[in-house]
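The structure presented is a predicted model; accordingly, all values stated were derived computationally and were not measured. In what follows, chains are A, B, ... by sequence order, proteins preceding strands, each numbered from 1.
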Amino acid sequence: MFEFRIIAQCPKTGARAGEFVTPHGIIHTPVFMPVGTLATVKAMSPRELEEIDAQIILGNTYHLYLRPGPDVITKAGGLHNFMNWGRPILTDSGGFQVFSLARLQKITDEHVLCRSHIDGSMLTMSPEWSMKMQGVLGSDIAMCFDQCTEYPTTHEKAEEAVRRTTLWAERSRSYFMAHNDPERQALFGIVQGSVYDDLRLRSAEEITGLDFPGYAIGGLSVGESHAAMYHALDVLDEVMPRQKPRYLMGVGYPLNIVEGIARGIDMFDCVMPTRNGRNATVFISSGRLNMRGKSHADDFSPLDPECDCYTCRNFSRSYLRHLAMCGEILGSRLFTWHNLRFTIRIAERAREAIIAGTFPEFLRDFTEKFHDENEDNNSDS
RNA sequence: GGUGGAAUGGCCGAGUGGUCAAUGGCAACAGACUGUAAAUCUGUCGACGGGAGUCUACCAUGGUUCAAAUCCAUGUUCCACCA
């Protein structure tokens, strides 16, 4: 179980196509994984996710611990059964909430004391707590409990996070090996280090030294420039084992995905397709569109003529804008549907190109075609 | 016919002498969103001007006052109740 096979590699870039074997099926990489924090990919049913070829989705340890809680998940027979999703699931450890809920908590080496964002009650998060809960969830891939640093951050703080992330990775691993089932669940390590090369290298060395079946890169896509993100990936490409799957956490902006693939990343996840979809912003071949814009009011063409999704094959921009302006739930669903399919297809197309030996051309064409002012404005601060 | 009440910016609706180009909300327009405290959040929202500022505005007309969306008179329209 959890064998990772590389079936094709790009001779000019670091891109590769692979297969990762899990208890709920083989994941074909590169892959984009929709985020389903609360045991649902917002606005989409499992059947619809299958239709758009979502191979694996995420769930979140922190959120599912609070609601519905481990008892209900246990009685349900695990997260797959609970939400009726038969394909692989990856669970995040709650480590990202150490970052996103920073105002509600106190971090020490021992644990993270956190106030529930729901009712303010106290909860103690730790590597052991996370492994136990991820065992209850029964995900195919569990993540180490890590400390994601904010951006910008000082070298000193980033170093502390690296040190703590390694400490927590050791504890995650040791609890996991003792109490979870390594035949049914793979535990991935996470590399931190912010934008500091020396810390990235050190973190990679320490984490890969623990011999996990896969490795994630955390602490990126938190506000740094795209150039800084790519630089970190370049630095890590040299030192992370190539025979193991690599997962770039939180990345889902279209250009970031193709650039990530070019740097040897196999797995991505991001809330952007779902969240932006709900907020009426879509990604199409030529860039991004705010579908609330008046310019779409009488545009009866599809969102993206090149897209094969249900939304693009059946509805006009005019109608979709109307749904958005009225706050209709169908608008959120159709935009989410498109964004997810579009993003998943980026990974699919990259994979096809890698196998066909044309990845450099794909990368060039995609980048030339996809225009976004945001990309140019995203500079280092 | 009588009595009482009300008329405010695209809409709803605060404001009862100066700090009011006028609180709020909605609509509209624009923007943001990267391991989801997000079907959320931010900005603009009378006209002209780069700005200082100027002009036009709270039903209409006239008046009181240094000063009126706010007070008075008349008119118009609407609402409620009584005949």
S.K.: Would you say the side-chain atoms of Arg263(A) pair up with the backbone N or O of His231(A), donor to acceptor, closer than 3.5 Å?
M.R.: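 No, Arg263(A) side chain to His231(A) backbone: no donor-acceptor pair under 3.5 Å.
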S.K.: Is the shortest side-chain N/O distance from Ser221(A) to OP1 or OP2 of U34(B) below 4.0 Å?
M.R.: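 For U34(B), OP1/OP2 do not have a side-chain N/O of Ser221(A) under 4.0 Å.
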S.K.: Can you see if the side chain of Asn279(A) gets near the phosphate of A32(B) - specifically, an N or O under 4.0 Å from OP1 or OP2?
M.R.: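 Negative; the distance criterion is not met.
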S.K.: Any salt bridge between Arg321(A) and Asp298(A), counting N to O under 4.0 Å?
M.R.: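 No.
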S.K.: Which whole number of Å gives the distance between the C1' atom of A27(B) and that of C45(B)?
M.R.: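 It works out to 11 Å between them.
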S.K.: Roughly how many Å apart are C26(B) and G43(B), using the P atom of each and rounding to a whole number?
M.R.: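 13 Å, rounded to whole Å.
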S.K.: Quick check: on RNA chain B, is the nucleotide nearest Ser332(A) upstream (toward 5') of the one nearest Gly218(A), or the reverse? Name the residue that is more 5'.
M.R.: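 Its nearest nucleotide being more 5', the pick is Gly218(A).
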S.K.: Without decimals, in angstroms, what is the distance between Ile257(A) CD1 and G35(B) P?
M.R.: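 Rounded to whole Å, this separation is 11 Å.
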S.K.: Quick check: Phe300(A) with Tyr319(A) (ring centres under 6.0 Å apart)?
M.R.: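 No.
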S.K.: Between U36(B), C33(B), C29(B), spot the one nearest the side chain of Met325(A), thanks.
M.R.: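 Of the options given, the side chain of Met325(A) lies nearest C29(B).
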S.K.: Given U40(B), is OP1 or OP2 found less than 4.0 Å from the side-chain N or O atoms of Arg278(A)?
M.R.: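 Result: no.
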S.K.: How would RNA chain B look in dot-bracket form, 5' to 3', counting Watson-Crick and G-U wobble pairs with both distances under 3.5 Å and writing | for bases paired to another strand?
M.R.: ((((((((.[[[..)..(.....]]].(((((.......))))).(((....)))...[[[[[..)....]]]]]))))))).
S.K.: Fit a plane to each ring of His155(A) and Tyr196(A), take the angle between them on a 0 to 90° scale, and name the class: parallel (under 30°), tilted (30 to 60°) or perpendicular (over 60°).
M.R.: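 The rings of His155(A) and Tyr196(A) stand perpendicular, inter-plane angle above 60°.
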S.K.: With distance as the sole criterion, do the side chain of Ser100(A) and the base of U36(B) form a donor-acceptor contact below 3.5 Å?
M.R.: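 Answer no: no donor N or O sits under 3.5 Å from an acceptor.
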S.K.: Let me know the distance between CZ of Phe32(A) and C1' of G35(B), rounded to the nearest Å.
M.R.: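 After rounding, the reported distance stands at 11 Å.
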S.K.: I'd like the C1' distance from A21(B) over to G46(B), given in whole Å.
M.R.: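 After rounding to an integer number of Å, I get 7 Å for this pair.
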S.K.: Looking at U40(B), does its base get a donor-acceptor pair with the side chain of Arg292(A) below 3.5 Å?
M.R.: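 Check passes, donor-acceptor contact within cut-off.
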S.K.: Distance between the P atoms of C29(B) and A67(B), in whole angstroms?
M.R.: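 Nearest-Å result for C29(B) against A67(B) at atom P: 43 Å.
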S.K.: Between A28(B) and C11(B), how many Å separate the two P atoms, rounded to a whole number?
M.R.: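 Nearest-Å result for A28(B) against C11(B) at atom P: 15 Å.
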S.K.: Counting the atoms with a prime plus P, OP1 and OP2 as sugar-phosphate, which does Leu38(A) contact under 4.0 Å by heavy atoms, base, sugar-phosphate, or nothing?
M.R.: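 The answer is nothing, as Leu38(A) stays clear of every strand by at least 4.0 Å.
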S.K.: Within the structure provided, determine whether Leu49(A) and Trp85(A) are in side-chain contact (heavy-atom separation under 4.5 Å).
M.R.: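 A side-chain contact exists here, since the closest heavy-atom pair is under 4.5 Å.
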S.K.: In whole angstrom, give the distance that lies between atom CD1 of Ile118(A) and atom C1' of A37(B).
M.R.: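 So the two atoms are 8 Å apart, to the nearest Å.
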S.K.: Hey, is the side chain of Asp146(A) pairing donor to acceptor with the base of G35(B) inside 3.5 Å?
M.R.: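 A donor-acceptor contact between them is present.
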S.K.: Once hydrogens and angles are ignored, does a donor-acceptor distance under 3.5 Å link the base of G35(B) to the side chain of Asp92(A)?
M.R.: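 Under the 3.5 Å cut-off, the side chain and the base do form a donor-acceptor pair.
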S.K.: Contact class for Ile329(A) vs. all strands (heavy atom < 4.0 Å): base, sugar-phosphate, or nothing?
M.R.: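 Touches a base.
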S.K.: Do Leu79(A) and Ser139(A) have side chains that get closer than 4.5 Å, going by heavy atoms?
M.R.: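 Leu79(A) vs Ser139(A): side chains apart.
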S.K.: Please determine whether a side-chain nitrogen or oxygen atom of Gln97(A) lies at a distance below 4.0 Å from atom OP1 or OP2 of A37(B).
M.R.: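 Result: yes.
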S.K.: Counting any heavy atom closer than 4.0 Å, what does Gly94(A) reach on the DNA or RNA strands: base, sugar-phosphate only, or nothing?
M.R.: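 Result for Gly94(A) = nothing.
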S.K.: For residues 112-119 of chain A, which side-chain N or O atoms pair as donor and acceptor with protein atoms under 3.5 Å away, sequence neighbours left out?
M.R.:
unit_1: Arg115(A); atom_1: NH1; unit_2: Gly120(A); atom_2: O; d: 2.6
unit_1: Ser116(A); atom_1: OG; unit_2: Ile118(A); atom_2: N; d: 2.9
unit_1: Ser116(A); atom_1: OG; unit_2: Asp119(A); atom_2: N; d: 3.1
unit_1: Ser116(A); atom_1: OG; unit_2: Asp119(A); atom_2: OD1; d: 3.2
unit_1: His117(A); atom_1: ND1; unit_2: Tyr62(A); atom_2: OH; d: 2.8
unit_1: Asp119(A); atom_1: OD1; unit_2: Ser121(A); atom_2: N; d: 2.9
unit_1: Asp119(A); atom_1: OD1; unit_2: Ser121(A); atom_2: OG; d: 2.7

S.K.: For the P atoms, the ones on C59(B) and on C12(B), what distance do you get once it is rounded to whole angstrom?
M.R.: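 Going atom to atom, P in each nucleotide, I get 13 Å.
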S.K.: Specify the separation, in whole Å, of atom CG of Leu64(A) and atom C1' of A37(B).
M.R.: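 Atom CG in Leu64(A) sits about 14 Å away from atom C1' in A37(B).
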S.K.: Could you tell me how far apart Leu233(A) (CG) and U34(B) (C1') are, to the nearest whole angstrom?
M.R.: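 Result: 13 Å.
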S.K.: Between A22(B) and A69(B), how many Å separate the two C1' atoms, rounded to a whole number?
M.R.: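 Those two atoms are separated by 8 Å.
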S.K.: Between G9(B) and G75(B), how many Å separate the two P atoms, rounded to a whole number?
M.R.: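 One P to the other, the span is 24 Å.
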S.K.: Between Arg246(A) and Asp266(A), is there a salt bridge with N-O shorter than 4.0 Å?
M.R.: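 Here Asp266(A) does not pair with Arg246(A) in a salt bridge, since their nearest N and O are not under 4.0 Å apart.
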S.K.: Can a donor-acceptor pair be found between the side chains of Asn180(A) and Tyr175(A) at a distance below 3.5 Å?
M.R.: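 No, no side-chain donor-acceptor contact under 3.5 Å.
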S.K.: For the base of U34(B), is there a side-chain donor-acceptor partner from His226(A) under 3.5 Å away?
M.R.: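 Yes, a donor-acceptor pair under 3.5 Å.
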S.K.: How many whole angstroms separate atom CZ of Arg275(A) from atom C1' of A37(B)?
M.R.: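 Atom CZ in Arg275(A) sits about 10 Å away from atom C1' in A37(B).
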S.K.: Would you indicate which nucleotide in U36(B), C33(B), C29(B) comes nearest to any side-chain atom of Met272(A)?
M.R.: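 For the Met272(A) side chain, the nearest candidate turns out to be C33(B).
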